[in-house]
Amino acid sequence: MADPALTDPNVARAARLDTATLSDALDRLGIVGQCRGIRPCEPGFRLAGRAVTLLYGPAGKPAGTVGDYIDDVAAGTVVVLDNGGRDDATVWGDILTEIAHRRGLAGTVIDGINRDVALCRELRYPVFSRGSWMRTGKDRVQVEARDVPVTIGDARVCPGDLLCGDADGVVVIPQSHEESVLAVAVEIAAAEEAIRAAVRDGMRLDEARERFGYHRLQTRPERV
């Protein structure tokens, strides 16, 4: 299977940026894309890819499935699970981690919790969530819908949106704005690198920040 980082140029561009820079770009453009409270199960985890979304709800009688969708998820995509932030029932564990890793998925993002953290760390499969606990979601929650808009940490995620994750958390970049967000993020990254280079060469930090417009990097342009 082709690596989306090679075939999808915007995935590759996003993968080269950190979430802090992307967050600043989102702020400049007035887009809410920071997934509040979502953290990596391992600080070294990184991901970049397009969203495949699933919405969960309370289990019915009989209960629906929790994870039978995994064989239909394409390599290089990010599984995005909206469990409403629940911390009493998991929606991701070792079986899903093993299959996702073998199929070449880019990672998993959960508004909720996961379990079996040891395996995702061993396989270096990136999982981002609100935390971990061992209690199963079977007979407690079920998949209600796939490929629908979901909410992850107060941010809206639609199928195909671009997600990036690192030690600082996860951001989502809406497809309709990704070109502008990525362009602004590259500009911000270049300005911050210029500031660091100037300071290494002996310039005062306040002078470097003023020269390269640091205090305006995240500011939304005023409308005329």
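Values below: every heavy atom of this structure, side chains too, minus hydrogens, waters and symmetry copies.
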For the residue pair R46 and D166, what are the closest heavy atoms and their distance? NH1-CB, 3.7 Å
One pair to check against side chain to side chain contact (heavy atoms under 4.5 Å, CB included): V170 and L163. What are the steps and the verdict? CA-CA 7 Å; V170 175; L163 283 98; 3.9 Å; yes
OH (Y69) with more than 12 external heavy atoms under 6.0 Å: yes
Counting C-beta onward and ignoring hydrogens, is there a side-chain heavy-atom pair between L26 and V32 closer than 4.5 Å? no
Determine whether more than 12 heavy atoms belonging to other residues, nucleotides or ligands lie under 6.0 Å from atom CD of E98. no
Please round to the nearest 0.5 Å and tell me the distance separating atom CD of E122 and atom OG1 of T97. 11.0 Å
Is there a side-chain contact between V78 and T108, using heavy atoms and a 4.5 Å cut-off? no
Under a 3.5 Å distance rule, please check whether Y56 uses its side chain to pair with a backbone N or O of V66 as donor and acceptor. yes
Judged by modelled atom types alone, do T90 and W133 share a side-chain donor-acceptor pair under 3.5 Å? no
Passes side chain to side chain contact (heavy atoms under 4.5 Å, CB included), L162 versus V171? Steps please. CA-CA 8 Å; L162 186 54; V171 295; over 6 Å; no
Please find the pair of heavy atoms, one from D139 and one from A63, that lie closest to each other, and give the distance. OD1-CB, 3.6 Å
For W92 against Y125, the heavy-atom pair lying closest together: CZ2-CE2, 3.8 Å
Under a 3.5 Å distance rule, please check whether D116 uses its side chain to pair with a backbone N or O of G93 as donor and acceptor. no
F212 CZ to E193 CD distance, which is reported to the nearest 0.5 Å: 10.5 Å
Taking atom CZ of R211 as the centre, report whether more than 12 heavy atoms of other residues, nucleotides or ligands fall under 6.0 Å from it. no
Are R13 and E179 within salt-bridge range, i.e. N to O under 4.0 Å? yes
Using only atom types and a distance under 3.5 Å, with no angle test, would you say the side chain of S129 pairs donor to acceptor with the backbone of G131? yes
Surrounding CZ of R39 (heavy atoms of other residues, nucleotides or ligands, distance under 6.0 Å), is the total greater than 12? no
Any donor-acceptor pair under 3.5 Å from R103 side chain to D71 backbone: yes
Decide if atom CD1 of I99 counts as having more than 12 heavy atoms of other residues, nucleotides or ligands within a radius under 6.0 Å. yes
Do V79 and V150 sit in the same hydrophobic cluster, where Ile, Leu, Val, Met, Phe, Trp and Tyr count as joined when their side-chain heavy atoms come under 4.5 Å apart? no
Rounded distance (nearest 0.5 Å) linking atom CG of N114 with atom SG of C120: 6.0 Å
What's the spacing between D88 CG and R135 CZ if we round to 0.5 Å? 5.5 Å
Side chain of D111, backbone of G153: donor and acceptor closer than 3.5 Å? yes
Do you know the tightest heavy-atom contact between A106 and P126? O-CG, 3.2 Å
Do you know which two heavy atoms are closest between F128 and G169, and how far apart they sit? CE2-O, 3.8 Å
Would you give the length of the straight line joining atom CD of E210 to atom CG of D206, rounded to the nearest 0.5 angstrom? 9.0 Å
Under the side chain to side chain contact (heavy atoms under 4.5 Å, CB included) test, residues paired with H177 that sit two or more places apart: I31, P174, S180, V181
Tell me, yes or no, whether the heavy-atom count around R204 atom CZ, taken from other residues, nucleotides or ligands under 6.0 Å, exceeds 12. no
NZ/NE/NH1/NH2 to OD/OE distance under 4.0 Å, E178 and R50: yes
Would you mind reporting whether L29 and V184 have side-chain heavy atoms less than 4.5 Å apart? yes
Is Q142 reaching over with its side chain to a backbone N or O of G64, donor-acceptor style, under 3.5 angstrom? yes
Can you get from V127 to L81 by hopping between Ile, Leu, Val, Met, Phe, Trp and Tyr side chains that sit under 4.5 Å apart? yes
Does F45 share a hydrophobic cluster with L123, counting links as ILVMFWY side-chain heavy atoms below 4.5 Å and allowing steps through other members? no
To the nearest 0.5 Å, atom CG of L105 lies from atom OG1 of T77 at 4.5 Å
With the threshold set at 4.0 Å, does a side-chain nitrogen-carboxylate oxygen contact exist between R130 and D87? no
Might you confirm whether atom CZ of R156 has over 12 heavy atoms from other residues, nucleotides or ligands at distances under 6.0 Å? no
Would you say S132's side chain and R115's backbone share a donor-acceptor pair under 3.5 angstrom? no
Does the side chain of L217 come within less than 4.5 Å of E192's, by heavy atoms? yes
Under 3.5 Å, is there a donor-acceptor pair between the side chain of D161 and the main chain of Q175? yes
Listed by chain and number, what are the side chain to side chain donor-acceptor pair (under 3.5 Å) partners of R28, not counting sequence neighbours? E187
Please find the pair of heavy atoms, one from I113 and one from A89, that lie closest to each other, and give the distance. CG1-O, 3.8 Å
Check the hydrophobic clustering (I, L, V, M, F, W, Y; side-chain heavy atoms under 4.5 Å; chains of links allowed) and say if V11 and L22 are grouped together. yes
Is the shortest heavy-atom distance from the side chain of I173 to the side chain of L182 under 4.5 Å? yes
Please evaluate residues I152 and V172 with respect to the criterion side chain to side chain contact (heavy atoms under 4.5 Å, CB included), reporting the C-alpha separation (whole Å), side-chain torsions for both, the decisive distance (0.1 Å), and the verdict. CA-CA 9 Å; I152 303 293; V172 55; over 6 Å; no
Please check: side-chain N/O of N83 versus main-chain N/O of G85, any donor-acceptor pairing under 3.5 Å? no
Pair D18-T21, side-chain hydrogen bond (donor to acceptor under 3.5 Å, both in side chains): steps then yes or no: CA-CA 6 Å; D18 57 49; T21 301; 2.8 Å; yes
Please check if the number of heavy atoms outside R124 that lie under 6.0 Å from its CZ is greater than 12. yes
Joint hydrophobic cluster, V157 plus V148, side-chain heavy atoms closer than 4.5 Å: yes
Given V73, I70, V80, the one that forms side chain to side chain contact (heavy atoms under 4.5 Å, CB included) with V52: V73
Would you sort out whether Q34 and D27 count as a side-chain hydrogen bond (donor to acceptor under 3.5 Å, both in side chains), showing the intermediate values? CA-CA 9 Å; Q34 300 90 349; D27 280 348; 3.1 Å; yes
